[in-house]
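Proteins get letters first, then strands, A, B, ... in listed order; numbering begins at 1 in each.
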Amino acid sequence: MSLREVGAVTGVGETAYSRDSGRSVLALQLEASLNAIRDAGLDPKDIDGIIPYAGAVVAEDFVTNFGIPDLRFSATTPLGGASCVAGIQAALAAIKAGICRHVLLPIGRNGSSGGRIGMRVQQMPQFRVVGEFEMPLGAIAPAQLYAPMARRHMELYGTTSRQLGEIAVSTRGNAILHGNAMMTRPMTIDDHQASRMISDPLRLLDCSLESDGGAAIVVSGAEYARDLRKRPVYVTGIAEGHPDSPSAITQRPDMTRLGLAKAAPKAFAMAGVTPADIDVAEIYDCFTYIVLCQLEDIGFCKKGEGGPFVESGAIRLGGELPINTHGGLLSQAHVVGMNHVVELVRQLRGEAGPVQVTDAEIGLVTGYGDMGDGSVAIMRRG
Amino acid sequence: MTNDSYDKPMPEPTPDSAPYWAGLQQHKLLLQKCAGCGRIRHYPRPMCDACYSTDVTWVEAAGRGKVHSWTITHHAFVPGFRDELPYVLATVDLEEGVRMNAQLRGADPVSLRIGLPVRVDYERAREGLTLPILRAEG
Ligand SMILES: [Zn+2]
């Protein structure tokens, strides 16, 4: 028994991305959700499962605003930035169990206008341990908590800041081509190298955006997906993984390995494919280093070889593994990676316009959250 | 500076961690040692993940370790750290087999490397709160 081909992503939707939406988080999520539901050719009242991002909005808000008559399943998957892809796993499990047919996964936030990310994390229960033992010492924001992982990788493997810069630069190029992105100014490696140091080795341009906006998807059971409006994109492999010492990076036996290293082999085995079969990948990019580490943990290159791998141009459009074709969290918007799922679905439908990867049939999307939680989905064109 | 103006995050000790924070006040780095199987663990928490015992004794660490990794922070995420910029946060392998994190004081950034020997020191942050810091050995 597995979740292979149990369901498909049948609808995707987004709002505009901005620095100040002037709207409530719920309003953003409703707009993105309505776009996703209509993209699938469904009516909001067809939704019978909801997995909201743990936070400001609950399933009941959607029942109320959409007038959903019979919500049969609701859950949250609180894995920070790994929540969205982990939520797909939960949706498929519920569909497989026969509980529901069409599950809505909405997210939305006023991450720019609503308060600084560095301050918000202190309130989150998954940061309780570092909140007690590390934040009082001055290790407060994710950039500071994650930087030692990057530094260790650099010391062990010779990874350079310029190699991290290649991730920022190639992602920016994709954002500009894509069109629906907050960052529209070209970036060079020199721009990256000149950007101010936040927490060494992470510079400003190694860090993702703070954004207002929403994104949503609909996951439907395979037997219901076939007759909907758009070509279904089937989920063939999916898994989540939690790192050793998930509450504190400081205590992790191997600081250069994320929870994704446990999840990826399971997802590939379920899908019956290997990393070489992946045509396009959307990799959670809260920081450039987190992308590099995930490329290794997935197996696109060996541990320690992420630097030369990205430097070779492999991750650029036209390279052997184009990634973050929408501009990611670094240059499109930070909506906790739901925009990565949206983009992968568009790539596999052939709807990605100027950033379309030619003949993209099999793709992969990841999530990364909190102190290293990971999630990964492999999808195929239907 | 009065206590009311202290604008850095404050720890909120729990019954599991109170001895750790009390130890720092006395300039001791106390680690939990499982009373069931003898394993030393950090950060303080209720249960031993090897034998599931909740009984602990607290042992004083030697206060010596080696740098595992680090970051040099150039941006103050809360105003209280602005005057300290830039500061080094080091992750250190203690001799007891667990790690700790603290500001490393007085080290030349170019001297930082994996394996750099350091020792634990203590710094009064405010009334009732002493924090561990690190100093390069020798
Ligand atoms: Zn024990």
Top contributor to chain A interface from B/Ala125, B/Ala76, B/Pro44 [non-hydrogen pairs under 4.5 Å]: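 Maximum pair count with chain A is reached by B/Pro44.
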Atom CD of B/Glu12 with >12 non-hydrogen neighbours under 6.0 angstrom: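 No.
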Do the side-chain N and O atoms of [X] and [Y] include a donor-acceptor pair separated by under 3.5 angstrom?
X: A/Asn339; Y: A/His334; result: no
X: B/Tyr6; Y: B/Glu127; result: no
X: A/Ser21; Y: A/Asn110; result: yes

From [X] [atom1] over to [Y] [atom2], what is the distance, rounded to the nearest 0.5 angstrom?
X: B/Leu131; Y: B/Tyr122; atom1: CG; atom2: OH; result: 12.0 Å
X: A/Ile167; Y: A/Leu205; atom1: CD1; atom2: CG; result: 13.0 Å
X: A/Leu260; Y: A/Leu295; atom1: CG; atom2: CG; result: 9.5 Å
X: A/Ser199; Y: B/Phe77; atom1: OG; atom2: CZ; result: 6.5 Å
X: A/Ser331; Y: A/Met187; atom1: OG; atom2: CE; result: 5.0 Å
X: A/Tyr284; Y: A/Gln294; atom1: OH; atom2: CD; result: 9.5 Å

Locate the shortest heavy-atom distance separating [X] from [Y]; write the atom from each residue and the value.
X: A/Asp212; Y: A/Ser113; answer: OD2-OG, 2.7 Å
X: A/Leu329; Y: A/Asp285; answer: N-OD1, 2.7 Å
X: A/Glu240; Y: A/Ala86; answer: OE1-CB, 3.6 Å
X: A/Ala168; Y: A/His192; answer: CB-CD2, 4.1 Å
X: A/Asp373; Y: A/Pro246; answer: OD1-CB, 4.5 Å
X: A/Leu137; Y: B/Leu89; answer: O-CD2, 3.9 Å

For [range], give me every residue with a non-hydrogen atom less than 4.5 Å from any non-hydrogen atom of chain A.
range: residues 45-73 of chain B; result: B/His68, B/Ser69, B/Trp70, B/Thr71, B/Ile72, B/Thr73
range: residues 17-36 of chain B; result: B/Ser17, B/Tyr20, B/Trp21
range: residues 91-115 of chain B; result: B/Thr91, B/Val98, B/Arg99, B/Met100, B/Asn101, B/Ala102, B/Gln103, B/Ile114

Any B/Phe81 side-chain heavy atom under 4.5 Å of B/Pro9 side chain: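 Result yes, sub-4.5 Å side-chain heavy-atom pair found.
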Check ion pair A/Arg151-A/Glu155 (N to O, under 4.0 angstrom):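 A salt bridge links A/Arg151 with A/Glu155.
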A/Asp191/A/Arg203 salt bridge by N-O under 4.0 Å criterion: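 No, A/Arg203 and A/Asp191 are not salt-bridged.
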Options A/Met255, A/Arg128, A/Gln144, A/Met197, ranked by heavy-atom pairs under 4.5 Å with chain B, top entry: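 It is A/Gln144.
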Pick from A/Asp200, A/Leu156, A/Val129 with the largest number of heavy-atom pairs that fall under 4.5 Å of chain B: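 Winner by heavy-atom pair count: A/Asp200.
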Structural part of [X] lying under 4.5 Å from a heavy atom of chain B:
X: A/Ala150; result: neither
X: A/Arg196; result: side chain
X: A/Ile249; result: backbone
X: A/Ala248; result: side chain

Worked verdict on A/Tyr289 versus A/Tyr146 for ring pair (Phe, Tyr, Trp, His ring centres under 6.0 Å): CA-CA 9 Å; A/Tyr289 167 74; A/Tyr146 301 169; 9.2 Å; no
Contact class of B/Pro132 relative to chain A, heavy atoms under 4.5 angstrom: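 For B/Pro132, heavy atoms of backbone and side chain both lie under 4.5 Å from chain A.
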Contact residues of residues 299-310 of chain A (partner chain B; heavy-atom separation under 4.5 angstrom):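 Within residues 299-310 of chain A, no residue comes under 4.5 Å of chain B, counting heavy atoms only.
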